[in-house]
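Data block below; observations after.
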Amino acid sequence: MKNNKTKNLFEQVYEVVRMIPKGKVTTYGAIVRRLGTKDARKVGFALHANPDPDTPCHRVVNKDGKLADSYAFGGWEKQKEKLLAEGVIFASEKIVDLKKCFWE
DNA sequence: AAAGTGACGCATT
DNA sequence: TAATGCGCCACTT
């Protein structure tokens, strides 16, 4: 069937991100390893494109647990606010405490 | 069709 | 310790 277009990293990323439970966060690196790819860039790009509101892109941070400067829905400050509302602990202004909230 | 771009990660300098 | 280069894959122009 023609519809079976190869599942791009984009879709794979969305699937993983949607699995993230509330109150937890994950990293680009974790997603990259999970997908078995080497392209961390596309992961970030996928979330930036974020056409799906069901995709909690705010639960994804870089390997340091640091929030990206550009958040699709208004900036890292908004992202931080959402995470705090879900119970995610912050180790610093832009850094998430992965020791307690890292989702693997 | 080809080149440029991008929310990154890791190795090396 | 920080800064730079390379890899990698899909999207945009």
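Letters A, B, ... are given to chains in the order of the sequence lines, protein chains preceding strands, and every chain is numbered from 1. All values reported here derive from a predicted model rather than from experimental measurement.
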Among residues 16-30 of chain A, which residues get a heavy atom nearer than 4.0 Å to DNA chain B? Tyr28(A), Gly29(A)
For the atom pair NZ (Lys78(A)) and CZ (Phe73(A)), what is the distance rounded to the nearest 0.5 Å? 12.0 Å
Any chance you could measure Ile31(A), atom CD1, to Gln12(A), atom CD, to the nearest 0.5 Å? 11.5 Å
Protein and nucleotides 2-6 of chain C: nitrogen or oxygen contacts under 3.5 angstrom:
none

Which heavy-atom pair separates [X] from [Y] by the least distance, and what is that distance?
X: Thr37(A); Y: Val32(A); answer: O-CG1, 3.0 Å
X: Tyr14(A); Y: Ala46(A); answer: OH-O, 2.8 Å
X: Gly44(A); Y: Tyr28(A); answer: CA-CE2, 3.6 Å
X: Leu98(A); Y: Asp64(A); answer: CD1-C, 4.1 Å

Provide, to the nearest angstrom, the distance between the [atom1] atom belonging to [X] and the [atom2] atom belonging to [N].
X: His48(A); N: dT12(C); atom1: NE2; atom2: C1'; result: 14 Å
X: Arg33(A); N: dC8(C); atom1: CZ; atom2: C1'; result: 16 Å
X: Glu11(A); N: dC9(C); atom1: CD; atom2: P; result: 17 Å

Hey, does Lys63(A) reach any base, or is it just sugar-phosphate, or nothing, if we go heavy atoms under 4.0 Å? sugar-phosphate
Can you spot which of Glu86(A), Gln79(A), Lys80(A) makes a side chain to side chain donor-acceptor pair (under 3.5 Å) with His58(A)? Glu86(A)
State whether the side chain of Arg59(A) and the backbone N or O of Ile20(A) hold a donor-acceptor pair below 3.5 Å, judged by distance alone. yes
Expected output: side-chain Tyr71(A) to main-chain Cys57(A) donor-acceptor under 3.5 Å: no
Which nucleotide span of DNA chain B, 5' end to 3' end, has atoms closer than 4.0 Å to non-hydrogen atoms of chain A? dG6(B) to dC10(B)
Take Lys99(A) and Asp97(A), measure what salt bridge (charged side-chain N to carboxylate O under 4.0 Å, His left out) needs, and give me the verdict at the end. CA-CA 5 Å; Lys99(A) 292 189 294 292; Asp97(A) 193 337; 3.6 Å; yes
